[in-house]
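Reading through the structure tokens given below for one structure.
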Amino acid sequence: MQIGIVSTGVYLPKDYITGKEIAEKASIPAHVVEEKMGIKKKYVPGPDDHTCEMGIIAAKQAIKKARIDPMEIDVVIYIGEEHKEYPLWTAGIKLQEEVGALNAWAFDVALRCGTTVMALKVAKSLMIADSTIQTVLLAGGYRNGDFIDYQNPRTRFMFNLGAGGGAILLKKDHYENILLETELLTDGSFSEDVVVVSGGTKNPITKEAIDQRLNMLDVLDPEGMKQRLEQKSMANFLKVVRKSVRKSGYKEEDISFIAMLHMKKSAHEYVLKELGLSHQQSIYLEDYGHIGQIDQIVSLELAVKEGKVKEGDIVVLVSAGIGYAWGASTIKWGRVM
């Protein structure tokens, strides 16, 4: 049984903020933001760019590109963020309705910036396990940049958080762009390092909490997190790539393109060097920012458009998410007979 990617969709807001503007807000030199953090600009939401809504637009793009009737979709998996139109809400059911997938059932998944990669594994497992599931839509939006306080230096590594929506349409017995194996890894020792302190059951939202900026993202133990993460992050990032490729029946030398999330420039270059890849075999999203779990979809669309991904290529989508989670999916691009 082959499960292939039929199409993708991406939505990017009209509004953006430049690296220089971020530098001004944070009172740090512009070259630090543009060169070290790697942010030339990032997309920010306009008044109508709500989280699920951006996913709906991207999903409609994917459906249109695939030239299918949305009634053919069997399952909708919402891959957007928990930060959405309403605090308690299953966004996937709304998305299902809005795109016209009235024969489908829907649910939400969440693994921070690792959600898309994780959802690919979930979708493939569902399709293998249930013979009635032929077509699955993954879609969602992201705007966690709403939680960034540029005056908080502890969250500086998250200044790249942007906004946008993405979608992937999968089909069983589709012999193009074959989804191979996915590798995931989580480490709960980081689970409470990066949080929005106020707004949950531990610390309900209050005027005092808002006044203290406790409703924004924060790092509770920045030095401890840095020390622990430096020991594990890049090693685990590379580990999931290598295991995904190997489980798919290939070697890391076979990788043609890697679609990475946006991270600081030195980390991006380190991954390429360790995997023996050139800058032409990836895209650094310095003009997009970090749109969470949508990054891999953006990178893949750009790569196809720019001719960086060709028939027969081995493509890897790789992510890392707060929590901490690492994940990679391997794809055999083009037609497979």
Side-chain angles (χ1 to χ4, degrees), residues 8-51 53-55 57-58 79-84 112-117 140-167 194 196 216-217 219 233 237 258-269 271 279 282-303 305-306 317-322:
T8 59
V10 167
Y11 171 77
L12 298 170
K14 293 179 181 177
D15 298 332
Y16 62 87
I17 184 173
T18 66
K20 289 183 174 63
E21 290 171 322
I22 292 171
E24 289 173 9
K25 287 177 177 288
S27 302
I28 57 178
H31 73 87
V32 172
V33 177
E34 292 186 330
E35 296 170 22
K36 186 175 181 179
M37 297 181 183
I39 313 167
K40 296 292 177 65
K41 70 175 185 181
K42 69 173 187 176
Y43 288 91
V44 295
D48 297 319
D49 292 323
H50 303 294
T51 316
E53 185 60 35
M54 292 189 285
I57 297 169
I79 57 170
E81 260 303 334
E82 290 181 308
H83 172 53
K84 47 189 182 286
R112 298 289 68 79
C113 301
T115 303
T116 295
V117 171
Y142 183 96
R143 50 176 290 173
N144 281 8
D146 293 352
F147 291 104
I148 292 299
D149 177 1
Y150 291 105
Q151 293 301 309
N152 182 356
R154 294 187 297 276
T155 61
R156 192 168 289 178
F157 70 99
M158 292 184 283
F159 283 2
N160 61 347
L161 297 189
V194 182
V196 177
M216 307 297 277
L217 274 164
V219 182
S233 185
F237 198 88
I258 186 164
M260 285 191 268
L261 76 164
H262 181 276
M263 49 190 171
K264 65 181 182 179
K265 209 161 193 176
S266 60
H268 181 94
E269 291 176 350
V271 172
H279 288 91
S282 188
I283 292 175
Y284 190 58
L285 300 172
E286 61 187 359
D287 291 319
Y288 296 83
H290 178 32
I291 314 175
Q293 53 268 41
I294 309 302
D295 281 6
Q296 290 78 32
I297 308 174
V298 173
S299 182
L300 181 59
E301 277 214 356
L302 289 171
K305 185 178 180 180
E306 296 174 16
L317 313 185
V318 59
S319 66
I322 295 298

| query | In Å and rounded to the nearest 0.5 Å, what is the OH to CD1 distance from Tyr150 to Ile22? | reply | 4.5 Å
| query | Is there any salt bridge (Lys or Arg N to Asp or Glu O under 4.0 Å) pair reaching into residues 289-301, and which pairs are they, with sequence neighbours excluded? | reply | Lys65-Glu301
| request: For His262, check ring pair (Phe, Tyr, Trp, His ring centres under 6.0 Å) against everything at least two apart and list the hits. | output: Tyr284
| field | Distance-minimising heavy-atom pair for Ser27 and Gln151 | value | OG-NE2, 4.3 Å
| note | Applying ring pair (Phe, Tyr, Trp, His ring centres under 6.0 Å) to Phe237 and not counting sequence neighbours gives none
| task | Give a yes or no on whether the backbone of Val318 and the side-chain of Gln296 come within a donor-acceptor separation of less than 3.5 Å. | result | yes
| request: Would you name the heavy atoms of Pro45 and Asp146 that are closest together and state the gap between them? | output: CG-OD1, 3.9 Å
| task | List the atom of His268, the atom of Ser282, and the distance in Å for their closest heavy-atom pair. | result | CE1-OG, 3.4 Å
| Non-neighbouring partners of Asp149 that pass salt bridge (Lys or Arg N to Asp or Glu O under 4.0 Å), sequence neighbours left out | Arg213
| query | How are the rings of Tyr142 and His290 set relative to one another: parallel (under 30°), tilted (30 to 60°) or perpendicular (over 60°)? | reply | tilted
| request: May I have all residue pairs that pass salt bridge (Lys or Arg N to Asp or Glu O under 4.0 Å) and include part of residues 18-30, sequence neighbours excluded? | output: Lys20-Glu34
| request: Over 60° means perpendicular and under 30° means parallel, so classify the ring planes of Tyr43 and Tyr288, tilted if in between. | output: tilted
| request: Not counting sequence neighbours, which residues clear side chain to side chain donor-acceptor pair (under 3.5 Å) with Tyr11? List them please. | output: Asp49
| request: Identify the heavy atoms of Leu261 and Ala320 that sit nearest to each other, and give their distance. | output: CD1-O, 3.5 Å
| query | So, Gln293 side chain and Ile79 main chain: donor-acceptor pair closer than 3.5 Å or not? | reply | yes
| request: Return the minimal non-hydrogen interatomic distance between Gly19 and Val33, and the atom names on each side. | output: O-CG1, 3.5 Å
| query | What is the distance from atom CE of Met158 to atom CE of Met216, rounded to the nearest 0.5 Å? | reply | 10.5 Å
| field | Pair listing, salt bridge (Lys or Arg N to Asp or Glu O under 4.0 Å) test, anchored in residues 36-45, at least two apart | value | Lys40-Glu286
| ring pair (Phe, Tyr, Trp, His ring centres under 6.0 Å) involving His31 - partner list, sequence neighbours excluded | none
| Given the rule in the side chain to side chain contact (heavy atoms under 4.5 Å, CB included) test, do Ile291 and Leu12 qualify, once you have shown the distances and angles that lead to the verdict? | CA-CA 10 Å; Ile291 314 175; Leu12 298 170; 3.6 Å; yes
| field | Closest approach of Gly114 to Ser319 (non-hydrogen atoms, all atoms of both residues) | value | CA-OG, 3.4 Å
| query | Going from CE on Met54 to CD1 on Ile294, what distance comes out if it is rounded to the nearest 0.5 angstrom? | reply | 8.5 Å
| remark: Residue set satisfying salt bridge (Lys or Arg N to Asp or Glu O under 4.0 Å) with Arg156, at least two apart, ordered chain then number -> none
| field | side chain to side chain donor-acceptor pair (under 3.5 Å) against Glu82, all qualifying residues, sequence neighbours excluded | value | Arg112
| message | Suppose we screen for side chain to side chain contact (heavy atoms under 4.5 Å, CB included). Which residues come up paired with Ala259, at least two apart in sequence or across chains? | response | Phe257, Ser299, Leu317
| query | Is Phe159 close to Val32 at the side-chain level, that is, under 4.5 Å between some pair of heavy atoms? | reply | no
| remark: Sequence neighbours excluded, the answer for side chain to side chain donor-acceptor pair (under 3.5 Å) partners of Asp15 is none
| said: Applying side chain to side chain contact (heavy atoms under 4.5 Å, CB included) to Asn152 and Leu217, what does each step give before you reach the verdict? | reply: CA-CA 9 Å; Asn152 182 356; Leu217 274 164; over 6 Å; no
| message | For a 4.5 angstrom cut-off between non-hydrogen side-chain atoms, does Ile39 reach Ile17? | response | no
| query | Looking only at atom types and distance, does a side-chain atom of Thr51 sit under 3.5 Å from a main-chain N or O of His83, one as donor and one as acceptor? | reply | yes
| field | Side chains of Cys113 and Asn144 in contact at under 4.5 Å (non-hydrogen atoms) | value | no
